[in-house]
Amino acid sequence: MVNTLRVLLAAVFFTSSAHAELLLTPSVLEYELDGVKLKQLAFEDGAKTVTYQAPHGWTVQGGATRLTLRAPNKQQVDATITRIPAPHPEILNDEGMAKLLAQALADLPKGSVDAAVTSQEKNPLKIQGKGTFLVTLTYTLYAQQYCRSILFLNRAEDQIRSQLTCRAADFRELQQVFLASQYSWQNL
């Protein structure tokens, strides 16, 4: 009877661990560094806590699978971090990256014209030892030129996509800040 109970408890533990998902509903943690109070976002990921430092001054709103960030004093900016359940995320080899690139192009807004890939880079940064793939696109929508970057990061059971879309005139400045914030992930 005791052995049966232990097996049952172990099965429940491993089943709940296997189904643990990163929830992008943030809570705010405050900490002090050299006398300066700083804030970081904390997310549940099963039994562990994942943290991320959003760009300074940006507002955030999150849900189970999507974190939306807003840049101050900028119009037509869409920055998101999304968790995509993927039991077998695309391997970051030539074939996998080609699939991700095709998907990025297919996901441009309806009515987009003159879409072009301006860059694609494997491992522009590593997040806790995990490889990444960065795609940058341009397109025109309603006579305005936009840029979009998507940073793909694979985890064991899901994929994290950090995407920034904004007017071409604002892209360089916002992209630099948004990508720099990706270095702040802990326990991802």
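Worth saying up front: this structure is predicted, and the values here are computed from it rather than measured.
- Heavy atoms from other residues, nucleotides or ligands lying under 6.0 Å from NZ of K48 number more than 12.
- A donor-acceptor contact closer than 3.5 angstrom is absent between the side chains of T140 and Q145.
- With L41 as the partner, the side-chain contact (heavy atoms from CB on, under 4.5 Å) test is satisfied by one option alone out of L24, V28, L69: V28.
- Among all heavy-atom pairs drawn from P85 and D158, the shortest one is CA-CB, 4.1 Å.
- No donor-acceptor pair closer than 3.5 Å links the side chain of R70 to the backbone N or O of W58.
- Cluster membership check: L151 does not share its hydrophobic cluster with V117, using side-chain heavy-atom separations under 4.5 Å among Ile, Leu, Val, Met, Phe, Trp and Tyr.
- For the side chain to side chain contact (heavy atoms under 4.5 Å, CB included) test, residues two or more places apart in sequence or in another chain that qualify with R167 are Q75, Q76, Q144, Y146, D170.
- Of all heavy-atom pairs between L134 and P124, the closest is CB-CG, 3.6 Å.
- Atom CD of E44 has 12 or fewer heavy atoms from other residues, nucleotides or ligands within 6.0 Å.
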With a 3.5 Å cut-off and sequence neighbours excluded, list the donor-acceptor pairs that the side chains of residues 176-188 form with protein atoms.
| residue | atom | partner | partner atom | Å |
| --- | --- | --- | --- | --- |
| S181 | OG | Y52 | OH | 2.6 |
| S181 | OG | F178 | O | 2.7 |
| Q182 | OE1 | S162 | OG | 2.9 |
| Q182 | OE1 | W185 | NE1 | 3.0 |
| Q182 | NE2 | F178 | O | 3.4 |
| S184 | OG | Q53 | N | 2.8 |
| S184 | OG | Q53 | O | 3.3 |
| S184 | OG | S181 | O | 2.7 |
| N187 | ND2 | T49 | O | 2.9 |

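- With T138 contributing its side chain and C147 its backbone, the two residues share no donor-acceptor pair below 3.5 Å.
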(message) Between R155 and Q128, is the side chain to side chain donor-acceptor pair (under 3.5 Å) condition met? List the steps.
(response) CA-CA 11 Å; R155 298 185 343 137; Q128 298 211 291; over 6 Å; no
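- For I91, the CD1 atom counts as loosely surrounded, since its 6.0 Å shell holds 12 or fewer non-hydrogen atoms of other residues, nucleotides or ligands.
- L67 places a side-chain heavy atom less than 4.5 Å from the side chain of P26.
- Surrounding OH of Y31 are more than 12 heavy atoms belonging to other residues, nucleotides or ligands, all under 6.0 Å away.
- Under 3.5 Å, the side chains of Q175 and R148 contain no donor-acceptor pair of N or O atoms.
- A heavy-atom distance below 4.5 Å is not found between the side chains of I160 and F152.
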Counting only pairs under 3.5 Å, give me each side-chain donor-acceptor contact of residues 92-101, with atom names and distances, residues two or more places apart or in other chains.
| residue | atom | partner | partner atom | Å |
| --- | --- | --- | --- | --- |
| N93 | OD1 | E95 | N | 3.2 |
| N93 | OD1 | G96 | N | 2.8 |

